[in-house]
Amino acid sequence: MRPFDYRRPSDAYDAVRAIVSHPGAKYLAGGTNLVDLMREGIERPGTLVDVSGLDATITELENGNLLIGAATRNTALAEHRLVRERYPMLTRAILSGASGQIRNMATVGGNILQRTRCPYFYDAAAACNKRSPGAGCDARDGFNRIHAVLGASDACVATHPSDMCVALAALDAVVHLMGPSGYRALPLADFHNLPGERPDRETAMRPGELIHALELPALARPLPSTYRKVRDRASYAFAIVSVAAGLETADDGTVRDLRLALGGVAHKPWRACKAEACLLGREITPDRLREAAELELSDAKPLRDNGFKIELTRRTIIAVLEQLHSEARR
Ligand SMILES: Cc1cc2nc3c(=O)[nH]c(=O)nc-3n(C[C@H](O)[C@H](O)[C@H](O)COP(=O)(O)OP(=O)(O)OC[C@H]3O[C@@H](n4cnc5c(N)ncnc54)[C@H](O)[C@@H]3O)c2cc1C
Ligand code: SF4
């Protein structure tokens with residue numbers, strides 16, 4: 001690993017100042033992704049600004065929203081009483097990821113900004129437009145079993161690896177940013193970019209910005225929800241495909257609220273808007289579930305090795321919604 005300078009800021013303002021005054025510096029949180037990338041020589045920051053000691057509180061606001069400091073550890077968020085009660089899909093998503101030790105270190109900010117697990121991205125000898133714009137993409141014609149089937153481009157077919165972010169997308173979470181020109185808030189749905197021509201531009205963040213907090217909107221009514229992750233091993237493996245879903249039916253059996261997001265299939269957590277629109281206000285039947293899942297996947301494009309993901313995603317969407325629907329009728 002190359003030598004680097006280390007800073008521990010006293011607060012968020014100090015952190016932003018430190019990043020701005022040290023070109024090429026990076027924020028360091030739990031280090032569970034960034035330090036691996038530095039060891040491989042993929043990331044080479046001259047300065048690390050350690051934000052792991054900044055805000056790690058979870059506060060219920062007057063309007064019922066939850067405000068979560070970006071330095072909150074993944075374990076603390078998953079185990080928080082209000083998160084377990086109100087947003088079970090989020091608890092399940094976080095607990096399906098990594099290992100207990102990693103979740104104890106990893107933070108909310110770091111999880112949102114973790115890099116793809118495309119093996120060619122981690123191989124300095126491979127051509128990768130995300131590492132070196134214009135270099136090419138060895139995954140396109142290489143071994144691409146884990147890669148994207150939705151929203152990919154000729155330049156990049158990588159997926160976003162986070163489980164937590166899939167639930168956050170379904171829950172309409174908002175990311176609070178603080179940067180050299182002040183505060184702003186962005187819906188998580190608009191935070192990560194699709195790859196397009198510039199897969200190196202992964203998010204809508206501006207230079208120097210810090211993720212300061214995450215906000216979870218209150219739910220109008222309790223929303224039964226879950227997260228299902230399909231992977232190669234029962235634990236300690238990234239999602240091949242995952243589904244975060246919340247379903248509420250009205251007394252007449254029609255769908256009153258539906259949140260559906262997919263993981264492992266695209267460069268960003270994929271909110272399944274087409275499937276949601278297809279089912280809202282209608283009764284759930286096996287044919288409608290199939291119609292909704294097929295509609296969502298109508299633009300899916302397989303690569304050489306990952307065509308199975310389209311059928312797997314279709315079946316997982318249907319299975320998860322069937323499960324929530326049958327639980328609601330008990
Ligand atoms: C073996 C292994 C298995 C894993 N399995 C899973 C899994 O199944 N599912 C899953 O979702 N994840 C998994 N992970 C990924 C893990 O969740 C991430 O490594 C972790 O969430 C990153 O958080 P961190 O706090 O350690 O971030 P760091 O590694 O410290 O930082 C990651 C990135 O975020 C930036 N950053 C961090 N905080 C901020 C901030 N507040 N503002 C701006 N930038 C910031 C850093 O500059 C860096 O670019 C796994 C990781 C490992 C090592
Ligand atoms: S899929 Fe994206 S991350 Fe992977 S090699 Fe191609 S450009 Fe790089």
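All residue numbers refer to positions in the sequence shown, counting from 1. Numbering of ligands and ligand atoms starts at 1, following listing order.
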By number and element, which atoms of ligand 1 are closer than 4.0 Å to a non-hydrogen atom of Ile102?
-> 1 (C), 2 (C), 52 (C), 53 (C)
Nearest to atom 48 (C) of ligand 1 by heavy atom, Phe238, Tyr236, Tyr27: which?
-> Tyr27
Using distance alone, decide if ligand 1 has a nitrogen or oxygen within less than 3.5 Å of any nitrogen or oxygen in Ile211.
-> yes
Honestly, for Ala126 the part within reach of ligand 2 (heavy atoms, under 4.0 Å) is neither
Gly30-ligand 1 polar pair, N/O distance under 3.5 Å = yes
Residue and atom name of the nearest protein heavy atom (relative to atom 2 (Fe) of ligand 2), distance in Å to one decimal | Cys156 SG, 2.4 Å
re atom 20 (C) of ligand 1, the protein heavy-atom contact at minimum distance is Thr32 OG1, 3.2 Å
Rounded distance (nearest 0.5 Å) linking atom CG of Leu113 with atom CD of Glu202 | 8.5 Å
CZ (Arg140) and NE2 (His147) are apart, to the nearest 0.5 Å, by 10.5 Å
Under 3.5 Å side-chain donor-acceptor pair for Gln114 and Asn111 = yes
Could you find the nearest protein heavy atom to atom 6 (Fe) of ligand 2 and give me its residue, atom name and distance?
-> Cys137 SG, 2.3 Å
How about Cys118: does one of its N, O or S atoms come closer than 2.8 Å to atom 4 (Fe) of ligand 2?
-> yes
Does some side-chain heavy atom of Leu321 sit less than 4.5 Å from a side-chain heavy atom of Leu258?
-> yes
Quick one: CG on Asp36 to CE on Met38, what's the gap to the nearest 0.5 Å?
-> 11.0 Å
In Leu247, Leu260, Thr254, Leu289, the residue satisfying side-chain contact (heavy atoms from CB on, under 4.5 Å) with Leu279 is Leu289
Determine, using ring centers only, whether Tyr183 and His212 are less than 6.0 Å apart.
-> yes
So between Arg117, Met164, Gln114, whose heavy atom ends up nearest atom 51 (C) of ligand 1?
-> Arg117
Does Asp36 reach ligand 1 with a nitrogen or oxygen that is under 3.5 Å from one of the ligand's nitrogen or oxygen atoms?
-> no
Can you tell me if Ala155 has a non-hydrogen atom under 4.0 Å from ligand 2?
-> yes
Examine Cys128 and say whether one of its N/O/S atoms is closer to atom 8 (Fe) of ligand 2 than 2.8 Å.
-> yes
Is the closest side-chain donor-acceptor distance between Asp200 and Asn129 under 3.5 Å?
-> no
Of the side chain and backbone of Pro161, name the one, both, or neither that has a heavy atom under 4.0 Å from an atom of ligand 1.
-> backbone
Which of the ligand 2 atoms, numbered from 1, are nearer than 4.0 Å to a heavy atom of Tyr120 | 5 (S)
Please confirm whether Lys229 comes under 4.0 Å of ligand 1, counting heavy atoms of the residue only.
-> yes
Heavy atom of Ala237, distance to ligand 1 below 4.0 Å = yes
Using heavy-atom distances, let me know which of Gly208, Ala98, Ser96, Ala93 sits nearest atom 7 (C) of ligand 1.
-> Ala98
Given Val166, Leu54, Leu34, which has its nearest heavy atom closest to atom 29 (O) of ligand 1?
-> Leu34
His160 NE2 to Asn193 CG distance, which is reported to the nearest 0.5 Å = 10.5 Å
